[in-house]
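Only one structure is covered here, and it is reproduced in the block below.
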2 protein chains.
Amino acid sequence: MKTISRKQEIITVASSLFNEKGYKAVSMRDIAKAIDIKAASLYNHIKSKQEILSEIILKVAEEFTTGMENVVSENISAIKKVEKVIELHIDITVNHSQALAALNNDWMHLEEKDLIAFVKMREDYEENFRKIIKQGMDTGEIKSYHPEVILFSILSTLRTLYLWYQKRGKVDVNILKKDMVSVLIKGIV
Amino acid sequence: MKTISRKQEIITVASSLFNEKGYKAVSMRDIAKAIDIKAASLYNHIKSKQEILSEIILKVAEEFTTGMENVVSENISAIKKVEKVIELHIDITVNHSQALAALNNDWMHLEEKDLIAFVKMREDYEENFRKIIKQGMDTGEIKSYHPEVILFSILSTLRTLYLWYQKRGKVDVNILKKDMVSVLIKGIV
DNA sequence: AATTCTAACTAACAAGCGTTAGTTTTGTTA
DNA sequence: TAACAAAACTAACGCTTGTTAGTTAGAATT
């Protein structure tokens, strides 16, 4: 019978606390207490508080990056790509909803090296999304509103999904995907 | 010639710093340094760090509340109400974009009394928005998707607008309103 | 049985936190 | 010009922060 490593437990517990109060408001003693050990003992498993944050954030950031790269490289219509991006977000949200809180709110507390890497990933991601939308406008699949407004509107919804997912409890993933695709792509009128 | 009060200056500077790094990551010494005085001098003008946070957050929260109440009480179609809510958000975003960072990310650090008041306002706001959408579904103005998904989708976009507004610099407010109304209401296809 | 490894512990550190007390400077009013 | 109020200052408080050093108990390996 295999149990998860203590390091993973620390990261999971920290994710949950960061999710509630934010990185800066959670102390190493808070994390330790939640695991029922002393703060100093954490350092047998992790290098620093920074390391915890960076593991949480960069791991999901990489999932977004590779997921987006897969979508972009597929030979399908722009709308179909947008659909796949929506599904990517929902999958990650369902599996790592607490990590997304840190990713969205605490990325600025990454140390310089990680911060630069993160911002780069984020910009590349947005740029890829932008290209998909422009492709859709070129082919006439997507209406020619200001592309930045469309990009922002969809991405905002997807990035905030973790908040609603946590509040409403476990919604069925497939229903969620279907509804989100409908609302985001077809609009409400 | 009248200049703004020191208290207001503190709150404005604090808003800006909270916007960058979050409430817990900004110290009273940071705020003081940005004004070029000593931390202790801040207390000639404000009661506590908490007071700064609560003034920042509750002031805009109240703008949302009264704005929404005005919209709800008007005798217009549901779609028209949604449009007015969108415009309300854009106006507040343009005038208080930094305060919105604190409102979105640091509300949980309000002291109990203010926290309760804030959460109540937030819930009431969402409930009013929900009613507008349901009204629109009853009259057939709005497609009958899961209303919660529509609510969440529009509200996420509006609540995150401050981030984009800050990044893209001053966009013309009227153009922004027109585009947002188009994208959010008519969708992209 | 002796040794090594793992993961906990206690104790303590220097630095930073929000805040208070008491004092001095500055600017306005009598 | 003397008096007063506003707003700055210095100094310090008790507490919390992330982290390190050194130690110990138990498990795994030799």
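Protein chains get the first letters and strands the later ones, always in sequence-line order, with residue 1 at the start of each.
Between the side chains of B/E9 and B/H45, not a single donor N or O lies within less than 3.5 Å of an accepting N or O. Between the side chains of A/Q166 and A/N19, a donor-acceptor pair is found at a separation under 3.5 Å. Neither side chain, A/S156 nor B/S156, offers a donor N or O lying under 3.5 Å from an acceptor on the other. No side-chain N or O of B/S41 forms a donor-acceptor pair with one of B/N44 less than 3.5 Å apart.
Here the P atom of nucleotide C/dC17 and the OH atom of B/Y43 are 12 Å apart, to the nearest Å. Look at CG on B/L17: it is 13 Å from P on C/dC17, rounded to the nearest Å. Here the C1' atom of nucleotide C/dG22 and the CG atom of B/N44 are 12 Å apart, to the nearest Å. Atoms CD1 (A/I46) and P (C/dA8) sit 12 Å apart, rounded to a whole Å. What separates NZ of A/K7 from C1' of C/dA8 is a distance of 18 Å, to the nearest Å. If you take CD1 of B/I52 and C1' of C/dG18, they are 11 Å apart, rounded to a whole angstrom. In this structure, A/D36 places its CG atom 13 Å from C1' of C/dC9, rounding to the nearest Å.
The pair A/K134-A/D138 does not count as a salt bridge, with every side-chain nitrogen at least 4.0 angstrom from each carboxylate oxygen. A salt bridge links A/R130 with A/E127: the closest approach of a Lys/Arg side-chain nitrogen to an acidic carboxylate oxygen falls below 4.0 angstrom.
Considering A/Y162, A/W164, A/Y165 as possible partners of B/F152, the one that fulfils the ring pair (Phe, Tyr, Trp, His ring centres under 6.0 Å) test is A/W164.
Ring pair A/F118/A/H109: centre-to-centre distance not below 6.0 Å.
The stretch residues 22-33 of chain A touches DNA chain D through A/V26, A/S27, A/M28, A/R29, each having a heavy atom within less than 4.0 Å of the strand.
Hydrophobic cluster membership differs between A/L161 and A/I175, with clusters built from Ile, Leu, Val, Met, Phe, Trp and Tyr side chains linked at under 4.5 angstrom.
Using a 4.0 Å cut-off, some side-chain N or O of A/S41 falls inside it from OP1 or OP2 of C/dC9. The phosphate of C/dG18 has OP1 or OP2 within less than 4.0 Å of a side-chain N or O from B/K49.
From the 5' end on, the contacts that DNA chain D makes with chain B at under 4.0 Å to a non-hydrogen atom open and close at D/dA7 to D/dA12.
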